[in-house]
Amino acid sequence: MSKFFVTTPIYYVNDAPHIGHAYTTILADVLGRYHRAAGDEVFFLTGLDEHGQKVKQAAEKRGATPQAHCDDLVPRFLNLWKRLDIRYDDFVRTTQERHKKIVQLVLQKVHENGDIYTDEYEGWYSVAEERFITEAEYESGQFRDVKKLKEKNYFFKMSKYQHRLIEYIEQHPDFIRPEHRKNEMLGFLRQPLGDLCISRPKARMDWGIEIPFDRDYVTYVWFDALVNYISIPGYGSDEEKFKKWWPADVHLIGKDILTTHSIYWTTMLFSLGLPLPGTIFAHGWWLIGETKMSKSLGNVVNPLDLINTYGVDAVRYYLMREMVLGLDANFTPDSFIKCFNSDLANDFGNLLNRVSGLIQKNHGGKIPEPGAVTEHESLIQMNANVLPGSVKLLISQFKVQEALMETLLFVQSLNKYMEIQAPWKLAKTDMKAANRVLYTAAEGLRIATIMLAPVMPEKTAAVLSILGAEDTKPVWGQLRPGTPLKSHPPLFPRIEVEKA
RNA sequence: CGCGGGGUGGAGCAGCCCGGUAGCUCACCAGGCUCAUAACCUGGGGGUCGCAGGUUCAAAUCCUGCCCCCGCAACCA
């Protein structure tokens, strides 16, 4: 038994949660649940990023304080995670005192290490983007609200750690994944690395965490948001807890924030003298049809709509099953329905109906005795006993999609087994054989169900309850003969679409 | 010549590192079964593996050149 510490990014409160947020969070939840099932102790951290200019502006627009504004928006995320069955262990808000004081501690330490200095910068500043833009960007004319600004700010000596970071990435092949993202970062690091501006004068933007050694400034996103990964597991406040959990096993992120994590964050950790996370895993984006999801295109998919239409488990399954690790995936209602019907309705749900229907009809609704097994049953048993190991291995490599395919393959083999053995015929001639087949199918189904539980917690709990097998382990033979089956409606009723 | 990834049956992907019958899921066609959610099972059609050369007994796989698509190049999961 070991520990597993998984994080999602902390999401910016101003965005309404969309399918991308839901995906990352479900992925973290699924990994966490698989690890828990395997006996690991899990810490799953997610949360919200509440500081910054945009929050302040939005609050002012409503005539509210930034804090009140955030407080109002937080439930949108919390409710969605609840609806999505997200079992996080802690939920950080960057405005919480427990986080803010650690951010200040971190700044102080990095400062004492000599990695923070001040510099004056003059350039074009985009109010909309909250950042200085380059001369080339200014000339492109694509930025509105631009003004010339000269400002003193604090900088973090990121450049100091460039060489060390390159070495680290090269020596730890699993540090940045998938591999092409690692190459991307190494490519990025071939150019000289600049230092990182980490402050904002309060005069311009005061909705942030005060810099401990200069009260006229607040710190800016990176030293605020990223630090949540250590502030919450106890850095600077609970050494025992921190020692237990840090370094994180995996930071799950979208590909858009790869640089901030693999370069900014890691150099910050270098400066603090802390070990780096085991893996930074950058997944792809959900494209809507063929195009990127964007507010201006009006094609943002709201996860709540999906849940209302198809159910939580189906949404979780679809998102996990459809996205190949690291690549972009297309979301379309059509692909959702196909996935739902073929995997969940036809293969998995239908197997339950076949098995429970036959046991109901021919065996008085009680799990039959397995009796003496033949080679057919031995083969199923063997595959069932191998499955948990394969799934565990795939999950340790973040190959959730393949783990699901592996499990569904086993479900399909059970349907095939049923077809060949035809227990509905055997029931008329050889009841012992019929018993054996139905026990085997039901037991196989039980194990497949347990393997799917991290992805579909609700429906799999229902199946295990039907089988009278709550709290059983994925080991052959735990289904008890004589247990009465509960009656049930179809698990995943097929989605019928009118053909055009 | 900025760096990197990729181009495999209608769709989405695997295989390429370590050359040797081109595989998976979905869709399509035919048959079987009829326990089940018109679901399940079997068989089948469909691919010059981006293009052109080279190495080799043998290339999707190695080498060279070219074409095309995509990602990254400091704040969208």
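Note on naming: letters A, B, ... go to the chains in the order of the sequence lines (proteins, then strands), and numbering restarts at 1 for each one.
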Original post:
Under 4.0 angstrom, heavy atoms only, what part of the nucleic acid is A/Asp347 near: base, sugar-phosphate, or nothing?
Top reply: sugar-phosphate
**OP:** Could you measure between the two P atoms, the one in B/U42 and the one in B/C26, and give it in whole Å?
**Re:** 12 Å
Subject >> B/C76 to B/A38 separation - P atoms, rounded to the nearest Å >> reply: 47 Å
**OP:** Examine A/Lys459 relative to A/Phe492 and say whether NZ or CZ is less than 6.0 Å from the centre of the six-membered ring and inside a 45° cone about the ring axis.
**Re:** yes
Original post:
Checking all strands, does A/Glu322 fall into the base, sugar-phosphate, or nothing category for heavy-atom contacts under 4.0 angstrom?
Top reply: nothing
Original post:
Is A/Lys338 near enough to B/A11 that one of its side-chain N or O atoms lies under 4.0 angstrom from OP1 or OP2?
Top reply: no
Original post:
If you look at every strand shown and take non-hydrogen atoms under 4.0 Å, does A/Phe492 touch a base, only sugar-phosphate, or nothing?
Top reply: base
Original post:
Does a side-chain N or O from A/Lys182 land closer than 4.0 Å to OP1 or OP2 of B/G5, or not?
Top reply: no
Original post:
Does A/Asn346 place a side-chain N or O at less than 4.0 Å from the phosphate oxygens OP1/OP2 of B/U37?
Top reply: no
**OP:** Compare side-chain N and O positions of A/Lys255 against OP1 and OP2 of B/A77 and report whether any pair is under 4.0 Å apart.
**Re:** no
Subject >> Charged tip of A/Arg164 within 45° of A/Phe270 ring normal and under 6.0 Å >> reply: yes
**OP:** Tell me what A/Ser342 touches on the nucleic acid: a base, only sugar-phosphate, or nothing, going by heavy atoms under 4.0 Å.
**Re:** sugar-phosphate
